[in-house]
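Hydrogens, waters and symmetry mates are skipped; everything else that's a heavy atom, side chains included, is used. On a predicted model such as this, the values are computed, not experimentally measured, just so you know. Counting starts at 1 for both ligands and their atoms, following the listed order.
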Amino acid sequence: QVQRTLQLIENDSCMLPRSINTMSDKWNMTNAYDWTSGFWPGILWYDYENTGDESVKKEAEHYTNCLADLLNPEHPGDHDLGFQFFCSFVNAYRITGDPYYKKIALAGADKLAAFFNPKVGTILSWPHMEKEKGWPHNTIMDNMMNLDLLFWAARNGNNKDFYRMAESHARVTMQHQFRPDYTNYHVAIYDTVSGNFIKGLTNQGYSDESCWSRGQAWAIYGFTMVYRETGNKEYLRFAEKLADAYLTRLPDDYVPYWDFDAPDIQNQPKDVSAAAVCASALLELSSLEDNEAMSEYYWQAAEHMLNSLASDYYRCGNQKTAFLLHATGNMPAGYEIDASINYADYYYIEALHRYKTLKRINTLSEKQ
Ligand code: GLY
């Protein structure tokens, strides 16, 4: 699919493939400033890592470099800097070891950290929503994903404050952004000055009190990562609760509808992006578990998800040059519904990569 996409798009520009609408086979292209811009270079890096194809590496380098301009002070940025720099530059550094990628990714972390409000203890996700919707300090569940960049920067750079900020963000989010049944509020609003939590609501879910599927997947992935980075079992136990809330609400094929609580659910569009994010998260959760039965349970759930995503119904195959069909980006705003979207593909490829790597480790340890 990567080769076919490369043939379709204009490779020497900095426009990146973002999504393909239901009835189309043409990519909607976007620029480096879009929140999804890291996913296409990230897919290329994973592809290169798995195939060793030098021509794919060249493309990965080209599209990764396009994102360096996110550091331009004229680009204000927001929490999405985490997605943008992590998927592109951190993968590039992990795979090549080239210090240039590390330098840019560390500068990206600096820029992201500037949105941390010490009074609240979280990163401000969407500065523009302060004016647009009258939301003061807002933190969205997606923002949990961006802690990966801060933790990585704390390990690879000189600013140990990043670790403290990331841990604080996770702790405050854990305290305020979940209901007693461990489903998430997409958005938490805090008083910018006092730091007090005001309310939870939604931006992309069905309603303020419903559980937006991708939000729950972001949360499972995020708290699993926080456990990986801190070793604090409180986060492991919390990630388990979030995963269980997600798993008990799934339909038979393990691919959720776009919101777990949308009315007339069986006629709602699915969201493969939530399934891909969750599969990748559960593989990591399984590998970190301190309980063997739970580890097996999460592994099997992830395997079930990946089998579904690889089936004719969800896989693009020859229909389109993306990897997956049936993702839902923003249902309330009416766009990218039942579409192919680059972040669904990115986390699908990441999950397959984790599956392959972890399966090899498991096989080796069984042999020993
Ligand atoms: N981070 C935006 C989304 O998940 O749609």
Using a strict 4.0 Å cut-off to heavy atoms of Asp142, name the atoms of ligand 1 that fall inside it.
->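 Atoms satisfying the 4.0 Å criterion: 1 (N), 2 (C), 3 (C), 4 (O).
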Short list, please: which atoms of ligand 1 are under 4.0 Å from a heavy atom of Trp218?
->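 Answer for ligand 1: 4 (O).
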Just let me know how Trp126 lines up against ligand 1, side chain, backbone, both or neither, with a heavy-atom cut-off below 4.0 Å.
->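 None of Trp126 does.
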Which of parallel (below 30°), tilted (30 to 60°) and perpendicular (above 60°) describes Tyr254 and His304?
->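 Parallel.
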Parallel, tilted or perpendicular: which fits the ring planes of Trp35 and Phe39, with parallel below 30° and perpendicular above 60°?
->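 Rings of Trp35 and Phe39: perpendicular, over 60°.
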Check ion pair Asp25-Lys320 (N to O, under 4.0 angstrom) =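 Not counted as a salt bridge, because no side-chain N and carboxylate O are separated by less than 4.0 Å.
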Are Asp253 and Ser308 linked by a side-chain donor-acceptor pair shorter than 3.5 Å?
->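 There is no such pair (donor and acceptor under 3.5 Å, judged by atom type) between the side chains of Asp253 and Ser308.
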Could you verify whether a donor N or O on one side chain and an acceptor N or O on the other, from Tyr190 and Asn138, lie under 3.5 Å apart?
->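 There is no such pair (donor and acceptor under 3.5 Å, judged by atom type) between the side chains of Tyr190 and Asn138.
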Return yes or no for this condition: an N or O of Trp35 is under 3.5 Å from an N or O of ligand 1.
->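 N/O-N/O distance below 3.5 Å does not exist for this pair.
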Could an N or O of ligand 1 be found under 3.5 Å from any N or O of Trp212, whether backbone or side chain?
->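 Between Trp212 and ligand 1 (N or O atoms, distance only) the closest approach is not under 3.5 Å.
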